[in-house]
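Take this structure first; my questions come after.
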Amino acid sequence: MTTKSAKEKILIRRAGKKDAGILADFRYRMFSEMRPDENYSGKKVRFIRKSKSYYLTHVGLKSQFDCVAVSGGEVVGCGSILFLDGPPHISHIGTRLGYILNVYVVSERRREGIATRIMERLHTEGKRHRIRRVSLHASTSGYPLYTGMGYSMNEMYLEKVL
């Protein structure tokens, strides 16, 4: 069990290239936990390799912000926000959009407020980049966190795999 003093020592910092491997591993874990009935073990090595390559190329770019939660020198969570340019929308003229993804906390550190702190940092970075609206895809377990932070379903959103 984690003590209160350990909870208070969570640092949310910008991820760097040295974090690419852990970001890739956490991304794999996130998908595996979201879909426990799927067996992704055959894809694990390639997925982590491709994800690490992505992070090595994209971490630190102006088009996204990646962060990690650190406790006792160990990375225990992460999250990302992509900054997207789009045309004005009739209900929000601002053209900058944010898409949050990869919010993940290791299982033994959940329910300590770490995901909330990660989300708050991503929101701060979004505001710093003049983002007015953010969206995300929520897992079943993450849904209460996001709705508790003011997110609501957008019934107009559809998706198609090309």
Side-chain angles (χ1 to χ4, degrees), residues 10-17 19-38 40 43 47-48 50-70 75-107 109-162:
I10 302 294
L11 168 70
I12 310 295
R13 66 164 171 78
R14 184 170 200 155
K17 291 189 185 299
D19 300 305
I22 196 78
L23 291 169
D25 180 58
F26 282 4
R27 185 166 169 76
Y28 176 80
R29 289 190 204 182
M30 177 189 69
F31 283 117
S32 296
E33 291 174 18
M34 282 180 5
R35 299 178 180 129
D37 295 335
E38 298 284 334
Y40 293 124
K43 298 179 180 181
F47 180 85
I48 290 176
K50 295 289 270 181
S51 295
K52 182 176 180 179
S53 176
Y54 171 86
Y55 286 113
L56 285 170
T57 303
H58 290 81
V59 163
L61 295 180
K62 291 180 181 180
S63 58
Q64 74 184 54
F65 177 85
D66 305 286
C67 65
V68 292
V70 181
V75 177
V76 297
C78 65
S80 301
I81 182 170
L82 303 179
F83 305 119
L84 309 166
D85 288 317
H89 188 279
I90 195 67
S91 65
H92 51 93
I93 303 301
T95 61
R96 302 276 292 159
L97 307 169
Y99 180 70
I100 291 177
L101 66 160
N102 301 331
V103 176
Y104 180 82
V105 175
V106 295
S107 59
R109 297 301 301 270
R110 293 182 184 154
R111 316 271 328 143
E112 294 181 23
I114 296 170
T116 300
R117 300 250 331 261
I118 291 168
M119 288 296 294
E120 289 169 347
R121 180 65 188 270
L122 297 175
H123 290 162
T124 297
E125 291 301 319
K127 289 175 186 173
R128 196 169 73 75
H129 283 83
R130 294 190 169 98
I131 300 296
R132 300 282 303 187
R133 299 173 73 88
V134 291
S135 61
L136 54 78
H137 283 92
S139 65
T140 303
S141 61
Y143 193 83
L145 166 70
Y146 304 128
T147 56
M149 296 184 86
Y151 284 78
S152 58
M153 287 297 288
N154 178 344
E155 296 173 6
M156 301 303 290
Y157 189 81
L158 297 173
E159 181 177 68
K160 176 180 170 72
V161 176
L162 299 178

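Quantities reported herein were computed from a predicted structural model and do not represent experimental measurements. Residues: numbered from 1 along the sequence shown.
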Close aromatic pair by centroid cut-off 6.0 Å: Tyr151 and His123: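 Yes.
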Distance in Å, Glu33 CD paired with Ser139 OG, rounded so as to fall on 0.5 Å steps: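 It comes to 9.5 Å.
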Minimum side-chain heavy-atom gap Arg27-Tyr54 below 4.5 Å: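 They are not in side-chain contact.
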Over all atoms of both residues, closest heavy-atom pair of Ala15 and Leu23: CB-CD1, 3.9 Å
Reported CD-to-SG distance for the pair Glu120 and Cys67, which is rounded to 0.5 angstrom: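 Reported value, rounded in 0.5 Å steps: 11.0 Å.
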Gly16 to Arg13 - nearest heavy-atom pair and separation: N-NH1, 4.3 Å
Derivation and outcome, side-chain contact (heavy atoms from CB on, under 4.5 Å), residues Tyr143 and Met153: CA-CA 10 Å; Tyr143 193 83; Met153 287 297 288; 3.5 Å; yes
Salt-bridge contact Arg14-Asp66 (side-chain N to carboxylate O under 4.0 Å): no
Parallel, tilted or perpendicular: rings of Phe47 and Tyr28 (30°, 60°):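 Answer is tilted, since the angle falls between 30° and 60°.
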Atom pair CD/CG of Gln64 and Leu82 - distance to nearest 0.5 Å: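 Interatomic distance, Gln64 CD to Leu82 CG, rounded to 0.5 Å: 5.5 Å.
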Sub-4.5 Å side-chain heavy-atom contact between Val76 and Ile114: yes
Criterion side-chain contact (heavy atoms from CB on, under 4.5 Å) on Leu136 and Val103, from CA distance to verdict: CA-CA 10 Å; Leu136 54 78; Val103 176; over 6 Å; no
Contacts of Tyr104 that satisfy ring pair (Phe, Tyr, Trp, His ring centres under 6.0 Å) - sequence neighbours left out: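 Expected list: Phe26.
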Pairwise distance CD(Glu38) to NZ(Lys43) - rounded to 0.5 angstrom: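 It comes to 7.5 Å.
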Cationic N near anionic O, under 4.0 Å, Glu125 to Arg128: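 Counted as a salt bridge, because a side-chain N and a carboxylate O are separated by less than 4.0 Å.
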Heavy atoms of other groups near Arg132 CZ, more than 12 under 6.0 Å: no
Whether over 12 other heavy atoms sit under 6.0 Å from Arg133 CZ: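 Counting neighbours around CZ of Arg133, 12 or fewer heavy atoms of other residues, nucleotides or ligands fall under 6.0 Å, so no.
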Flag if over 12 foreign heavy atoms under 6.0 Å of NZ, Lys17: yes
Working for side-chain contact (heavy atoms from CB on, under 4.5 Å), residues Leu122 and Val134: CA-CA 10 Å; Leu122 297 175; Val134 291; over 6 Å; no
pair Lys62-Phe83: side-chain heavy atoms closer than 4.5 Å: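 Side chain of Lys62 against side chain of Phe83, heavy atoms only: no contact under 4.5 Å found.
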Arg111 side, atom CZ; Thr116 side, atom OG1 - distance, nearest 0.5 Å: 9.5 Å
Flag side-chain contact, heavy atom, 4.5 Å: Leu84 against Tyr99: yes
Whether Arg121 side chain and Ile12 backbone form a donor-acceptor pair below 3.5 Å: yes
Spatial distance of atom CG (Asp19) from atom CG (Leu56) [nearest 0.5 Å]: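 CG of Leu56 is found 10.5 Å from CG of Asp19.
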Closest non-hydrogen atom pair between Leu61 and Thr57, with its separation: CD1-O, 3.7 Å
Non-hydrogen atoms of Leu145 and Ala115 that approach each other most closely: CD2-CB, 3.7 Å
Shortest non-hydrogen contact between Ser80 and Asn102, atoms and distance: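 Taking Ser80 first and Asn102 second, the nearest heavy atoms are OG-ND2, 3.9 Å.
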